[in-house]
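By convention here, the first residue in the shown sequence is residue 1.
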Amino acid sequence: MFDLQSDIVKDECGIFGIYAPGEDVAKLTYYGLYSLQHRGQESAGIAVSDGGNILVFKEMGLVSQVFTERDLATLQGDIAIGHVRYSTTGSTSWENSQPLHKYSDKMALALAHNGNLVNVSELRNRLVKEGAVFESTSDSEMIAELIIRSKKHTVEAAIKDACRQLKGAYSLVILTDGKLIGVRDPYGVRPLALGRLGKHYVLASETCGLDIIGAEFLREVLPGEMVVINDKGIKSMMFSKEIKPSLCIFEFIYLARPDSSLYGRNIAGVRKNMGRALAREAPADGDLVIPIPDSGNSAAQGYAEESGIPYGEGFVKNRYVGRTFIQPSQLIRQLGIRIKLNPLKEVIEGKRLVVVDDSIVRGNTSKKIVKMLKKAGAAEVHMRISSPSIRFPCFYGIDTAEQKELIASNLSTAQICSFLGADSLEYLSFKGVVDAIGQPRSEFCLACFDGKYPIRIPQRLKISKFVLEKPTESTQALF
Ligand code: AMP
Ligand code: SF4
């Protein structure tokens with residue numbers, strides 16, 4: 001029923017942009033992308049411009065693998081944008097890597113996108129009929145195509161015109177016409193931060209992308225806002241009247257880096273609050289609280305502090321494991337998670353462990369972890385998860401899997417517990433998660449937990465991922 005071999009839960013994307021004449025914008029973008037690497041490890045790219053030509057350099061691989069000093073030295077300009085990608089739509093290929101470069105007889109642009117559109121096929125069919133030729137299968141190219149095909153007379157108007165046709169999640173950085181432009185969809189599903197470096201402006205998916213280059217955080221780009229940065233400074237305009245902030249709550253739970261902030265809240269602090277709430281909601285009789293590194297670290301600390309149970313490190317994590325392009329051999333595959341995590345036998349042996357992680361998606365990781373801990377001599381393993389159970393797929397840019405692969409959409413908590421081989425399993429409640437952030441529930445997308453998608457998902461797309469409230473008898477076989 002579940003794909004035990006597969007741990008392929010995909011990350012999303014990270015974007016960065018800087019307008020800084022006189023500075024080494026390519027190198028600053030390189031550092032920005034380096035700090036956003038956790039948001040995508042498949043490809044990396046930088047586009048630069050001096051207000052005239054646009055130069056793009058992109059390749060498959062990690063930021064540190066893609067660019068050499070020499071490459072960066074050739075990327076001279078006043079403005080730069082960058083992108084790190086893990087595919088959520090479109091296949092894994094160079095053509096789908098970003099920034100995208102598009103031009104018409106009227107304009108040229110480079111664009112980097114984080115998020116996922118839900119009206120791709122309608123737009124694509126229409127554009128193809130109008131004569132558009134696509135080089136990639138990504139929805140991002142469609143955005144660029146809509147902009148360059150717009151009949152509007154200014155770049156700003158063309159971008160607004162394009163955005164009004166888009167449905168779904170998109171945070172964008174665009175380089176065109178001597179300008180750096182940042183855009184966030186009217187729901188603000190994906191984050192985008194605005195910062196200042198001296199007299200220059202910077203945009204980044206997360207505030208850690210500003211910190212790394214010493215830029216000061218100014219504010220978040222607002223849902224439905226476009227900011228235009230050029231030699232005259234910064235200009236802001238709203239392009240939609242239907243604004244409904246719905247930031248992805250999974251950014252707080254798993255995606256964003258602990259040292260970043262969203263809605264003015266530090267991510268590590270929020271995760272610690274989640275751990276505290278979890279200890280109150282789901283106490284356990286244990287001798288030691290251990291995290292699954294690194295995703296469970298902050299929540300485990302919170303759990304330990306609140307419960308009074310000592311905190312310890314039960315695993316050593318190989319910090320240099322990323323996603324590689326080398327497929328593991330069968331032997332290595334059998335070792336599975338051990339490549340990443342190795343249990344500390346001396347710490348674990350004979351202990352009743354409270355094991356804290358941020359989420360369970362397919363259940364494969366947790367199952368392997370419980371097995372490893374028991375083999376290393378743990379007396380009991382109590383799994384505590386600092387988010388509610390994931391029962392619905394994401395259509396907005398996080399590839400958490402199809403519904404049939406989500407363990408909690410198929411099994412009850414008791415059944416999952418026995419699938420994992422754990423002694424107990426508890427999740428944090430909706431209220432616990434939202435209270436830990438301290439922002440009203442209405443300001444978040446929580447769809448992977450409650451199935452209430454803030455941006456309507458076309459039925460055809462829903463069916464492609466089998467979104468069902470409850471599996472019925474006739475569909476049970478699918479699961
Ligand atoms: P699974 O084996 O599918 O249950 O994976 C759960 C683990 O994947 C947890 O430790 C999470 O920290 C991590 N995780 C959750 N969501 C994602 C995601 N979108 N991409 C990569 N890893 C994830
Ligand atoms: Fe985030 Fe889940 Fe909403 Fe996707 S469905 S945007 S992962 S909260």
Side-chain angles (χ1 to χ4, degrees), residues 13 15-17 19 47 49 51 54 79 81 83 98-120 122-124 126-127 130 132 134 138-194 201-205 218-247 396-397 454-456:
C13 299
I15 57 176
F16 184 90
Y19 184 99
S49 171
I54 295 174
I79 322 165
I81 61 168
H83 189 265
Q98 297 190 27
L100 290 157
H101 185 203
K102 281 252 163 189
Y103 53 87
S104 66
D105 45 4
K106 281 192 322 216
M107 71 162 99
L109 61 76
L111 173 146
H113 170 211
N114 174 205
N116 213 13
L117 301 183
V118 296
N119 64 336
V120 175
E122 294 94 302
L123 291 174
R124 197 180 176 92
R126 202 191 79 208
L127 287 167
E130 289 172 11
F134 291 101
S138 83
D139 52 352
S140 315
E141 192 184 354
M142 210 129 39
I143 306 177
E145 192 71 35
L146 280 172
I147 299 171
I148 62 161
R149 283 178 166 266
S150 171
K151 305 260 183 314
K152 303 284 179 192
H153 296 297
T154 64
V155 163
E156 288 88 340
I159 294 173
K160 278 192 205 171
D161 184 36
C163 288
R164 287 186 187 129
Q165 300 172 63
L166 305 177
K167 292 199 173 66
Y170 54 94
S171 282
L172 307 171
V173 286
I174 301 168
L175 188 172
T176 181
D177 191 27
K179 294 168 185 161
L180 168 66
I181 298 176
V183 177
R184 208 164 157 212
D185 72 69
Y187 293 79
V189 179
R190 298 279 142 242
L192 189 61
L194 172 68
Y201 290 99
V202 188
L203 292 162
S205 288
L218 290 178
R219 64 177 179 86
E220 285 169 12
V221 174
L222 299 173
E225 186 187 18
M226 168 161 78
V227 292
V228 181
I229 300 157
N230 63 7
D231 54 2
K232 295 188 183 64
I234 185 162
K235 205 168 59 181
S236 152
M237 52 196 94
M238 302 304 289
F239 63 88
S240 172
K241 289 199 180 75
E242 285 156 41
I243 287 162
K244 163 88 188 59
S246 309
L247 177 62
Y396 307 140
I455 309 169
R456 205 182 71 77

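Under a 3.5 Å cut-off, the side chain of T154 and the backbone N or O of A157 do form a donor-acceptor pair. Checking side-chain atoms of K106 against main-chain N and O of S150 turns up a donor-acceptor pair under 3.5 Å. Side chain of D185 to backbone of L117: no donor-acceptor contact under 3.5 angstrom is found. Between the side chain of Y396 and the main chain of I455, a donor-acceptor pair closer than 3.5 Å is present. Within the 3.5 Å criterion, the main-chain N or O of R190 finds a donor-acceptor partner in the side chain of R184. Not a single donor-acceptor pair under 3.5 Å links the side chain of E225 to the backbone N or O of S236.
You'll find the side chain of E220 stays beyond 4.5 Å of the side chain of P191, heavy atoms only. Between P245 and I243 there is a side-chain heavy-atom pair separated by less than 4.5 Å. Contact check for M107 versus I147: side-chain heavy atoms found under the 4.5 Å cut-off. Counting only heavy atoms from C-beta outward, the side chains of L194 and I234 approach each other to under 4.5 Å. Put simply, the side chain of V183 does not reach to within 4.5 Å of the side chain of L192, judged on heavy atoms.
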Would E130 and R126 count as a salt bridge (charged side-chain N to carboxylate O under 4.0 Å, His left out) if you check the C-alpha gap in whole Å, the side-chain angles of each, and the deciding distance to 0.1 Å? CA-CA 6 Å; E130 289 172 11; R126 202 191 79 208; 3.4 Å; yes

L123 vs L166, test: side-chain contact (heavy atoms from CB on, under 4.5 Å). Steps then yes/no. CA-CA 8 Å; L123 291 174; L166 305 177; 3.9 Å; yes

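The two atoms that bring Y201 and L218 nearest to each other are CE2-CD1, 3.8 Å, heavy atoms only. Looking at every heavy atom in both residues, K102 comes nearest to A144 through CG-CB, 3.7 Å. The two residues Y187 and P223 come nearest to each other via the heavy atoms C-CB, 4.0 Å. Summarising the geometry of A162 relative to L146, their closest heavy-atom pair is CB-CB, 3.7 Å, with the distance given to 0.1 Å. Between D161 and K151, the shortest heavy-atom contact is OD2-N, 4.4 Å. The minimum heavy-atom distance between G17 and L180, with the atom names listed, is C-CD2, 3.6 Å.
Remark: L222 CG to S240 OG distance equals 12.5 Å, nearest 0.5 Å. In this structure, D139 CG and N116 CG are separated by 5.0 Å, a value rounded to the nearest 0.5 Å. Rounding to the nearest 0.5 Å places CG of L175 at 10.5 Å from OH of Y19. The CD1 atom of I159 sits 5.5 Å away from the CE atom of M226 when rounded to the nearest 0.5 Å. Taking CD1 of I81 as the reference point, atom CG of L111 lies at 6.5 Å (rounded to 0.5 Å). Separation of atoms CD1 (I174) and CG (L109) is listed at 6.5 Å; rounding is to 0.5 Å.
Shown here is F134, whose CZ atom has more than 12 heavy atoms of other residues, nucleotides or ligands within 6.0 Å.
For residues 166-182, the set of pairs meeting the side chain to side chain donor-acceptor pair (under 3.5 Å) definition, not counting sequence neighbours, comprises E156-K179, D177-K179.
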